[in-house]
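The structure appears below as structure tokens.
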Amino acid sequence: PVINIPQTAILGVCTIIPRPKDLGDGVYGFVPMMGLSLTYDHQALDGGEATLFLKEIKEQIENLSIRLLRVPSYELRVLGCLCPERAKYQ
């Protein structure tokens with residue numbers, strides 16, 4: 001991502017795609033993964049703060065499924081979270 005004035009940072013989000021991963025005990029499987037990139041103005045933000053922000057975003061996304069379990073399935077369909085193409089990766 002490219003920063004345009006007056007922005008101080010921009011978060012780039014990649015597509016969720018299944019990627020191979022070692023699941024332990026010699027078992028390999030495909031898990032959904034998404035890339036994140038954060039571009040920020042070093043004059044406005046410290047690198048440590050930007051790293052903590054990106055880490056927090058990562059943790060919130062990883063724990064999103066736990067929060068969604070509390071939402072009835074009909075509400076998830078309204079939000080577009082249960083489309084047939086994504087269902088095989090969830």
Side-chain angles (χ1 to χ4, degrees):
V2 177
I3 301 173
N4 297 313
I5 297 176
Q7 297 172 336
T8 55
I10 188 166
L11 180 67
V13 181
C14 299
T15 304
I16 299 172
I17 59 172
R19 295 194 181 175
K21 183 178 180 182
D22 181 7
L23 302 176
D25 297 328
V27 177
Y28 291 87
F30 286 89
V31 294
M33 291 191 181
M34 176 179 69
L36 296 173
S37 62
L38 181 66
T39 303
Y40 61 96
D41 183 355
H42 292 268
Q43 296 174 355
L45 295 173
D46 182 47
E49 294 172 349
T51 302
L52 290 175
F53 171 77
L54 192 56
K55 182 179 176 184
E56 180 66 24
I57 293 291
K58 174 188 167 285
E59 290 173 1
Q60 293 293 327
I61 291 172
E62 287 175 345
N63 296 323
L64 183 63
S65 61
I66 294 170
R67 288 191 205 105
L68 288 178
L69 290 175
R70 297 182 191 151
V71 179
S73 61
Y74 68 89
E75 290 183 24
L76 291 177
R77 285 191 188 91
V78 169
L79 296 172
C81 297
L82 291 180
C83 63
E85 297 83 18
R86 293 184 188 173
K88 58 185 173 185
Y89 301 123
Q90 293 180 353

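Keep in mind it's a predicted model, so treat the numbers as computed, not measured.
- Hydrophobic clustering (ILVMFWY, side-chain heavy atoms < 4.5 Å, transitive): Phe53 and Met34 are in one cluster.
- In plain terms, the two heavy atoms of Ala9 and Leu45 that are nearest each other are CB-CD1, 4.0 Å.
- In terms of the side chain to side chain contact (heavy atoms under 4.5 Å, CB included) criterion, residue partners of Glu56 (sequence neighbours excluded) are, by chain and number, Glu59, Gln60.
- Other members of the cluster containing Ile10 are Ile3, with ILVMFWY side chains joined at under 4.5 Å, either directly or via other members.
- No donor-acceptor distance shorter than 3.5 angstrom exists from the side chain of Asp25 to the backbone of Val27, with no hydrogens or angles considered.
- Residues satisfying the side chain to side chain contact (heavy atoms under 4.5 Å, CB included) test with Leu11, not counting sequence neighbours, are Val13, Leu38, Leu54, Ile57.
- Sorted by first and then second residue, the ring pair (Phe, Tyr, Trp, His ring centres under 6.0 Å) pairs involving residues 12-36 (not counting sequence neighbours) form an empty list.
- Partners of Met33 by side chain to side chain contact (heavy atoms under 4.5 Å, CB included), not counting sequence neighbours, listed by chain and number: Arg19, Lys21, Val31.
- A search for side chain to side chain contact (heavy atoms under 4.5 Å, CB included) contacts involving Asp46 returns Glu49, not counting sequence neighbours.
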